[in-house]
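For the numbers below, each heavy atom of this structure counts, side chains included, while hydrogens, waters and symmetry mates do not. Residue numbers start at 1 and run along the sequence shown.
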Amino acid sequence: MHYRRLGKSGLKVSEIALGAWITMGNQIDEKKTSDLIHAAYDQGINFFDNSDAYAAGQAEIDMGKAIKDLPREALVLSSKVFWPTMPGPNGRGLSRKHLTEALHASLKRMELDYLDIYYCHRYDPDTPVEEVVYTMNTFIQQGKILYWGTSEWEASQITLARGIARQFNLIPPTVEQPQYNMFHRKRVEDELAPICREFGIGLTTWSPLYYGILTGKYNDGIPEGSRAAMDNMSWIRDEISTKKIEKVKLLTALANELEITTAQLAIAWLLRRKEVSAVITGATRLEQLDENLLAAEAQSKLSEDLLDRIELIISPPEENHEE
């Protein structure tokens, strides 16, 4: 396992992380969560990502139980706050009230004294950015979090938060967590990458396999038991198009040439970016975890020629010309 700095901070995270979204507290039970986390840790993963919105808090509970017998100082644990998790008009967002109450609730569910990283899960137009920055700075001073960051914020919003922090000698955001994959890339590459380089912000990216589509599992239809076949995951079916599947089939053929899986190719393609501190992966089975971890080794197979071939598949010239 390779470890990368979180932006320009001193914190080092495994370049492949294990996240809780969709799986923990939902698709998999407490025991399977524990098995996956322990297997990940044994293979060098130190970064485990969560949110108070995942499975209505059950994901945090299950992860908290799973890490009880692991050395806390060896782990990098994160959670997020924004979505409605409490009753009333103040039960969501990034107000000082909700941030404080949500952090305490997450710490209680995970049975922790502190989080390594605390993300603002979305931008809150109803709360001044000054209030968010001051509150996060207070949490760090209290020792309840060590670093803070954003998720799905615009580059201009991150720049504003950093400017406020610098103006008032507060701690700025260290990390942004955007969706980034072969089918969702423009915002990261065109807007976020420049401020990452300028301000030393790290990226911990989510959905590397585009809801499983980039594994190739949907190349010949929707298999029974897959996420897209589940009633509560019907939105994934909306993301599956003929054009995307045609591209995945070409990527699968390319991966076969390299003797790796399509999923490993997709993750290795992300890891090539220096701005990426960690790629957050999900898994419901140990075999999936093992497959994802081998993607780190696949990076060495991505020559410039191969990257050009990938680019022609996922973003051919006819899709880029201006009308």
Over all heavy atoms of both residues, which pair between Ser277 and Gly202 is shortest? Give the atoms and the distance, please. OG-CA, 3.5 Å

Under the ring pair (Phe, Tyr, Trp, His ring centres under 6.0 Å) criterion, do Tyr118 and Trp148 qualify, and how do the steps go? CA-CA 5 Å; Tyr118 200 37; Trp148 77 279; 9.6 Å; no

Please indicate whether Gln142 has more than 12 foreign heavy atoms, meaning atoms of other residues, nucleotides or ligands, lying under 6.0 Å from its CD. yes

Mark yes or no: Arg72 above the aromatic ring of Tyr114, with NZ or CZ under 6.0 Å from the six-membered ring centre and no more than 45 degrees from the axis. yes

For Ser9 versus Leu6, what's the shortest heavy-atom pair and its separation? OG-O, 2.7 Å

To the nearest 0.5 angstrom, please state how far the CE atom of Met182 sits from the OG1 atom of Thr262. 9.5 Å

Could you check whether Lys244 pairs with Glu239 (Lys NZ or Arg NE/NH1/NH2 to Asp/Glu carboxylate O, under 4.0 Å)? yes

Count the heavy atoms belonging to other residues, nucleotides or ligands that lie under 6.0 Å from NE2 of His104, then report whether that count exceeds 12. yes

Answer yes when Glu275 and Arg5 have at least one side-chain N-carboxylate O distance shorter than 4.0 Å, and no when they do not. no

Looking at Asp52 and Thr85, would you say the former's side chain and the latter's main chain have a donor-acceptor pair under 3.5 Å? no

Taking atom NZ of Lys217 and atom CD1 of Ile240, what is their separation to the nearest 0.5 Å? 9.5 Å

Measure the shortest side-chain to side-chain distance between Val81 and His98 over non-hydrogen atoms and say whether it is less than 4.5 angstrom. yes

With a 4.0 Å cut-off on N to O distance, would you call Glu131 and Lys97 a salt bridge? no

Is there a donor-acceptor pair under 3.5 Å between the side chain of Thr33 and the backbone N or O of Met24? no

Heavy-atom side-chain proximity of Leu11 to Ile117 below 4.5 angstrom: yes

Leu306 vs Arg309 side-chain heavy atoms within contact, under 4.5 Å: yes

Is there a path of hydrophobic side-chain contacts, each under 4.5 Å between heavy atoms of I/L/V/M/F/W/Y residues, joining Leu203 to Leu209? yes

So if you build clusters from Ile, Leu, Val, Met, Phe, Trp, Tyr with side-chain heavy-atom gaps below 4.5 Å, do Ile280 and Leu18 land together? no

Kindly indicate whether the side chain of Leu265, heavy atoms from C-beta on, has any atom under 4.5 Å from the side chain of Leu251. yes

Does Arg185 come within less than 4.0 Å of Glu189, counting only side-chain N to carboxylate O? yes

Taking everything shown except Asn169 itself, do over 12 heavy atoms lie less than 6.0 Å from its CG? no

Other residues, nucleotides, ligands: >12 heavy atoms within 6.0 Å of Asp69 CG: yes

All ring pair (Phe, Tyr, Trp, His ring centres under 6.0 Å) counterparts of Trp269, not counting sequence neighbours: Tyr180

Do Leu99 and Val175 belong to the same hydrophobic cluster, where Ile, Leu, Val, Met, Phe, Trp and Tyr are linked whenever their side-chain heavy atoms lie under 4.5 Å apart, directly or via other members? no

For residues Asp290 and Gln288, is any side-chain donor paired with an opposing acceptor at under 3.5 Å? no

Please assess Glu111 against Lys68 for the test side-chain contact (heavy atoms from CB on, under 4.5 Å), listing each intermediate value before the final yes or no. CA-CA 9 Å; Glu111 299 184 54; Lys68 272 188 173 180; 3.1 Å; yes

What's the shortest heavy-atom distance between Met86 and Ala105, and which atoms? CE-CB, 4.0 Å

Donor-acceptor pair, Thr150 side chain versus Trp153 backbone, under 3.5 Å? no

Is Glu287 atom CD crowded by more than 12 heavy atoms from other residues, nucleotides or ligands, each under 6.0 Å away? yes

Do you see a donor-acceptor pair shorter than 3.5 Å between the side chains of Ser78 and Asp49? yes

Distance under 6.0 Å and angle within 45° of the ring axis: does Lys80 meet both against Tyr119? yes

Under the salt bridge (Lys or Arg N to Asp or Glu O under 4.0 Å) criterion, do Glu176 and Arg187 qualify, and how do the steps go? CA-CA 12 Å; Glu176 156 68 14; Arg187 191 174 76 86; 3.7 Å; yes

When hydrophobic residues are tied together by side-chain contacts of less than 4.5 Å, even through go-betweens, does Met110 share a cluster with Leu146? no

Check: Asn137 side chain, Val133 main-chain N or O, donor-acceptor pair, under 3.5 Å: no

Judged by modelled atom types alone, do Ser79 and Glu60 share a side-chain donor-acceptor pair under 3.5 Å? yes

Mind checking the CD1-CG spacing from Ile16 to Asn46? Nearest 0.5 Å is all I need. 12.0 Å

Leu286 versus Ala39, closest heavy-atom pair with distance: CD2-CB, 3.7 Å

Apply side-chain contact (heavy atoms from CB on, under 4.5 Å) to residues Tyr123 and Glu152 and explain how you reach the verdict. CA-CA 7 Å; Tyr123 180 79; Glu152 294 297 326; over 6 Å; no

Compare all side-chain heavy atoms of Ile201 with those of Ile158 and state whether any distance is below 4.5 angstrom. yes

Partners meeting ring pair (Phe, Tyr, Trp, His ring centres under 6.0 Å) with Phe199 (sequence neighbours left out): none

Are any of the side-chain heavy atoms of Gln157 and Val129 separated by less than 4.5 Å? no

Under 4.5 Å between side-chain heavy atoms, hopping through other hydrophobics if needed: is there a path connecting Ile67 to Phe47? no

Glu15 and Arg4 ion-paired at < 4.0 Å: yes

Closer than 3.5 angstrom, by distance alone: can the side chain of Asp124 be matched with the main-chain N or O of Leu94 as a donor-acceptor pair? yes

Exercise: identify the closest heavy-atom pair between Ala40 and Leu289: N-CD2, 3.6 Å

Would you say that Phe183 contacts Ser315 through its side chain, given a criterion of any heavy-atom pair below 4.5 Å between the two side chains? no

To the nearest 0.5 Å, how far apart are CZ in Arg166 and CD1 in Ile164? 13.0 Å

Short question: side chain of Asn26, backbone of Ala55 - any donor-acceptor pair under 3.5 Å? no

CA sep, side-chain torsions, deciding dist, call: Lys12, Val76, side-chain contact (heavy atoms from CB on, under 4.5 Å): CA-CA 9 Å; Lys12 294 181 175 64; Val76 177; over 6 Å; no

Would you please say whether a donor-acceptor pair under 3.5 Å links the side chains of Gln27 and Thr284? no

Ignoring hydrogens and geometry beyond distance, is a side-chain donor-acceptor pair present between His184 and Ser207 at under 3.5 Å? no

Stepwise side-chain contact (heavy atoms from CB on, under 4.5 Å) test for Ile213 and Thr215: CA-CA 5 Å; Ile213 297 171; Thr215 65; over 6 Å; no

Going by the angle between their ring planes, with limits at 30° and 60°, are Trp21 and Tyr54 parallel, tilted or perpendicular? tilted

Heavy-atom side-chain proximity of Thr205 to Val188 below 4.5 angstrom: no

Where Pro208 and Ile267 come nearest, the two heavy atoms and their spacing: CB-CG1, 4.3 Å

Counting N and O atoms only, with roles assigned by atom type, does the side chain of Ser34 sit under 3.5 Å from a partner on the main chain of Glu30, one being a donor and the other an acceptor? no

